[in-house]
Structures are given as C-alpha cells and as structure tokens.
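Heads up: the structure comes next, in structure tokens.
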Amino acid sequence: MVITRFAPSPTGYLHIGGARTALFNWLLARKMGGKFILRIEDTDQKRNTPTAMQQVIDDLRWLGLDWDEGPEVGGPNGPYLQSQRREIYDKYLNQLLDEGKAYYCFDTAEELAAMRQKAEREKKSFIYRRPETLPTKEDVEAAKAQGKPVTVRFAVPQDKPIVVRDIIRGEVTFAPEEIADFIICKSDGFPTYHFAVVIDDELMGVTHVMRGQEHLMNTPAHQCLQEALGFRTPEYAHMSITVSDNGGKLSKRERPNTLRKAIKAANSLDKASIAKAGNISLEELESFLKKKTTPEETSINAMADFIGIDLPEINVVDFVKSGYIPEALVNFTALLGWNPGDEREIMSLEELIEAFDEKRLNKANSFFDRNKLSSFNMEHISRMDSAKLVGHMRRFLELNNSPMLAADDALLERLIELNKGAKTLRDIESKCLLFFIEDSEIEFDEKAVKKVLLKNDNEGCKVLEMLKEELGKLEDFSAHSIETLLRSICEEKEIGLGKVAQPLRIALSGSTISPAIFDTVEILGKAKTIARIDIALAKFYN
RNA sequence: GGCCCCAUCGUCUAGUGGUUUAGGACAUCAGGUUUUCAUCCUGGAAACAGGAGUUCGAUUCUCCUUGGGGCUACCA
C-alpha cells in the first residue's frame, strides 16, 4: 500500500508551494488507493505560532484535500504532532547513543559560529569534525554543571558513498565526507527535523516521500540515519520548485519585499502614518526599509492596504482573498512541474487523480504565472455549477468583509450567472458593488461623465430625462420588459442601444462598467433606478 | 567559496536520434462579434542557451562553457 504524507511546520499560513507539495502527495495516494497522512512538524519552539496549525488545516480543506490520518481525524500511528512524540524520539536517541552511533556535543552557538567563520576565511566548506575521543556520560554531567548546551550529533559513517535513488532525478551520489555529523537532538531536548522525520516516516509506514528539491541534500543524511536505525528507505521524489520573477524560490519574502519597494518608490508618503497603519513604531518601519527586520504578516498586510497596493499572493489565503477558487488553484499548481501527457489543461480534482503519474514529474523549476492562473480561474468559474460557486463567493465576501454579503443566495447566484466571463470573484464583486451601496455613495467617473452624459450638448442627460419618464411608467419592471422598452426607444429614435445603455449605466453605477444593463435595472428596482437618475441629473444637468 | 540539481516560444509545457514547416495553453499582436467591462470567434508573430564530440544524421546521446536554482542552522 502506498502511504504518503504532508508534513508542514506550523509557522504561518499554508504557502502555495506547500500546497503544491501536499497536492502531489495526496494525488499519488488517491491514485494508488493508498493513504495520505498529515503530520505537524512542530519541533521548533521558537518558530511555531499557536494558530498556524488550524490555518494550515483550513487551507488544505479549502483546497479540497483530505487526510486519512492526522490532526482532527486521528489514526493508529498518532500522535500526529511531533511535539507530542518526545518519548519515541528519546528511545531511538538512546539506542543510537548506546550503540556509539551518536555522540554528545557541548559547543556553544558562538563557538560554532567561530568555526564557520574560520572555514569561510580559508575558503573551505564548514563540516563539523568529530572529536577523537567522544564525550562520556560524566562529561555530560560536567558540561551541564557548567551551563553548557548539550546536543547530540549523529556519527555519519564515512566508509562509502551514499546513493540517493530518486524517482525524478535517478541516482545521485554523495561523498560521505560532504555530510557533516549533524545534530539530531537540540539542547532543548527536542529532536531536529532530520531525526524526527526519519523516525516518523518509518513508524507511520510512509512509502513515498515527495518533497521539494531543497531537501535533496538532506536525503543522504536521512538515509544514513535509516540504516543506523535499521529502517526502510522510502521512495523519494524531489520535485522541482516554483520560482518567482525576481529570482529565487517563491517565498514569503515576496510580500514584504514588494511592500518595501512600494514604500521606497512613493517617497511622498508619510512614513509615520504608514507605521501607524501597520501598528508598528517608526523605528521598526525604518529598520524594515533597511532590510534589517521584517514585521508580522498582519502589519505587512495592513500597510499594503493603507498605501493601496496589492501584494503578490503567496499563501493560500491570499489567493482566497483575491477571488480565486480552489478548483482553479489546484488545477494550475498541479500543472507546475507535471502534466498528464496529453493536451488536457483544465481538469477537475477527479481527473487529476485519474491522470496522475509520479513518473511524469518534471525536473526543471517553474515560474508562477498569475496570468495563466487567472485564465484557469475564469474557465473553472464559467463551468462550475452555481450552487457551488455561491459557496465560494460567500467565503470570499466574508474574508473581505464585503457589503455584497447582504445578498441572499438567490441574488448571489443570479449575479454570478450574469458575470460568467469574470476572471476572479473579486471582478464579480467590484462589478456588482453598485447594488449594495447607498444611492448617495456613487462615485462618478469624470471622464465617463464627460464622454457619455455631457458630450454633444448634454446628449446623455437628455436621454436620462426621457428614460426617467419611460421607466417610471413601466409597470412590469422585469429585465425582459425593460429590454423591450429600451429597444423600442432605440428603434423609434433610430439610435444604437449604446446611446441609451451607457448614460443609464453611469447614472446607476457612476461608471461605464456594470453587468448587463437590463438585469442591472431590474435588480436595482424601480425606485432606486429613478432615484439614481435624479441624482445624476441634478449633479450634471441643471 | 564548496556540494548538488536543472536548461524547448515571454510563461507553463508536449515531443523525438531521421515521422517536425518542433505541437498545445496563457500572455501578446491584427481583425471580427457584443449595450459597457469581461467573454466569444478568426488569424499572426514567437523556442530547442553556446561550443565540441558520437553518428550517415542530433533539439534528442556524451563532455565542456554559460546561465538559473537549491543546500551549506541547535529552521523545517
């Protein structure tokens, strides 16, 4: 049985790269009728954040991924939080220590840093060298008494090259002297990632490990550990990673970096108020601008909001907020570094499962092209059934605190239906906002007013006057009869529909952009339609 | 710096020792449809990083160069 896993560390929201890793592991498990495990790698006490696990879980569920073992669902191999598995790791740690395959160390952070600097000066790579004689239990007590940190390192066997067999990359050989004796137990008693991952993958029966290419250099170390512990070695697949347009991995840095550039570029902005918007001090802002520190995610978002820029989406929630739907995001990320082998592109989760083949995973890194994602989003929106879309729309509106939340499901469904060509849910929202604001809140687009209402001796205003009259008389205020009315007016006056529709649009929305005009008028209703025509007339024609 | 990975249109990619005038999608450009925006339709432009070698023949195999990326933590 194929058993895969996704093992995020709970340090923040689920990153789009993490989502892709999770997706491929999930896809393989589902394709093979195997199991998919969610395991939380929370061994770093300093980096963990209390809400992160729930955020990751929510994002995975939003994407449509489920797990057979892990938080919230349990399973026979729990607990699924590494922080709750300390005794298990200790058992194996003692085993290695007893067998002389691991040893204690007392180096301080400063000593280690000095060694590294020395190596750098000598232009050599720093590799921790095992002492001639290994510390004894007594040495440990002595070190503790002196307040020295106690860690445990794994003694990497130096006898033979280590060959990693990778599904994507074939065999990769590493010289043993390139692999340092790495720490497996930190001075706070927690295992390091390398140690915990090896033990958990064994105990949980993981057969296939698909992870980012950044882990390829870790794998020989993991294999040595597996051998020393008498464990199996799972199948490995080190996937290509997603890079961003300014070089490097697509990472969380992207958002702060974009914000920093924007603040620097717009030197007219008042830094004090930006800092205030981000709920940080001016000093903290300055330090951020000098690339010395990075404020919290919420501060970054607040400041971006304040100066009115869109940060590139990096975390899954960013995409939710921007109006992408999970079907599109999943489809698009699946096609980054993988393809079904035919010319299909738009695929459902079910189709992806059916088509998935880990042997078709690509070696080369890929660039995350938001244009193409947009196009995928439109395709998925236009072929999705309305009921499902209403659900996505609700979640989007809630996340953005939109006034459109006032709409009931039936109205939402109709508005979505009217906007089938939209790229994102945000596009739908912004086009429909006119229904959810007060008549007095309409902001008129100056250019559009000039062109459509005032040009040719107030041509548009005259049309509005006439429309006010005719619409006022209309008994059946349905899209259909509104259409009949407007078309007959056009025919009578021998003018195009645009001459009538555009002035009306401006009166109702303030701009030349709105959903189909007949439906817009119907949905707005007679009273509001007339009221808005009055407002426009009063403003531009008296 | 050291170690490792990678290299087809701007982007995601298909593909193979001769079947290729290298296929698709997004973006782009030119037309067209449409009451606005968006859609939609038609058409165009656009790539095998460079150099050696192997071979009758290389985009496909090998090596080198160049370029990109990763790792080089008591982070995962």
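In what follows, every chain begins at residue 1, and chains take the letters A, B, ... in the order their sequences are listed.
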Per A:Lys423 side chain, nearest of listed nucleotides B:G70, B:A27, B:G24:
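Among B:G70, B:A27, B:G24, the one nearest the side chain of A:Lys423 is B:A27.
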A:Arg360 side chain: which of B:G15, B:C26, B:C74 is closest?
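My answer, after comparing the listed nucleotides, is B:G15.
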Within the modelled atom types, does a donor on one side and an acceptor on the other bring the side chain of [X] and the base of [N] under 3.5 Å apart?
{"X": "A:Lys363", "N": "B:C5", "answer": "no"}
{"X": "A:Arg116", "N": "B:U72", "answer": "no"}
{"X": "A:Ser375", "N": "B:C26", "answer": "no"}
{"X": "A:Lys372", "N": "B:A27", "answer": "no"}
{"X": "A:Asp342", "N": "B:A14", "answer": "no"}

May I ask you to decide whether A:Asp44 forms a salt bridge with A:Arg47, counting only side-chain N to carboxylate O separations under 4.0 Å?
yes
Salt bridge check: are A:Lys499 and A:Glu459 linked by an N-O gap of less than 4.0 Å?
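A:Glu459 and A:Lys499: salt-bridged.
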Over all strands shown, is [X] touching base, sugar-phosphate only, or nothing at heavy-atom distances under 4.0 angstrom?
{"X": "A:Arg211", "value": "nothing"}
{"X": "A:Thr43", "value": "sugar-phosphate"}
{"X": "A:Ile241", "value": "sugar-phosphate"}
{"X": "A:His238", "value": "nothing"}
{"X": "A:Glu345", "value": "base"}

Between A:Arg169 and A:Phe367, which residue's closest nucleotide on RNA chain B lies nearer the 5′ terminus?
A:Arg169
Nearest-nucleotide comparison on RNA chain B, the residue closer to the 5′ end among A:Leu336 and A:Glu379:
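Its nucleotide being nearer the 5' end, the pick is A:Leu336.
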Close aromatic pair by centroid cut-off 6.0 Å: A:Phe444 and A:Phe540
yes
Give me the one residue out of A:Phe396, A:Phe368, A:Phe332, A:Tyr13 that meets ring-ring contact (aromatic ring centres under 6.0 Å, His included) with A:Phe319.
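Only one of A:Phe396, A:Phe368, A:Phe332, A:Tyr13 forms a ring-ring contact (aromatic ring centres under 6.0 Å, His included) with A:Phe319, namely A:Phe368.
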So, is A:Lys46 close to the B:C75 phosphate, meaning a side-chain N or O under 4.0 Å from OP1 or OP2?
yes
Any donor-acceptor pair under 3.5 Å from A:Asn365 side chain to A:Val243 backbone:
no
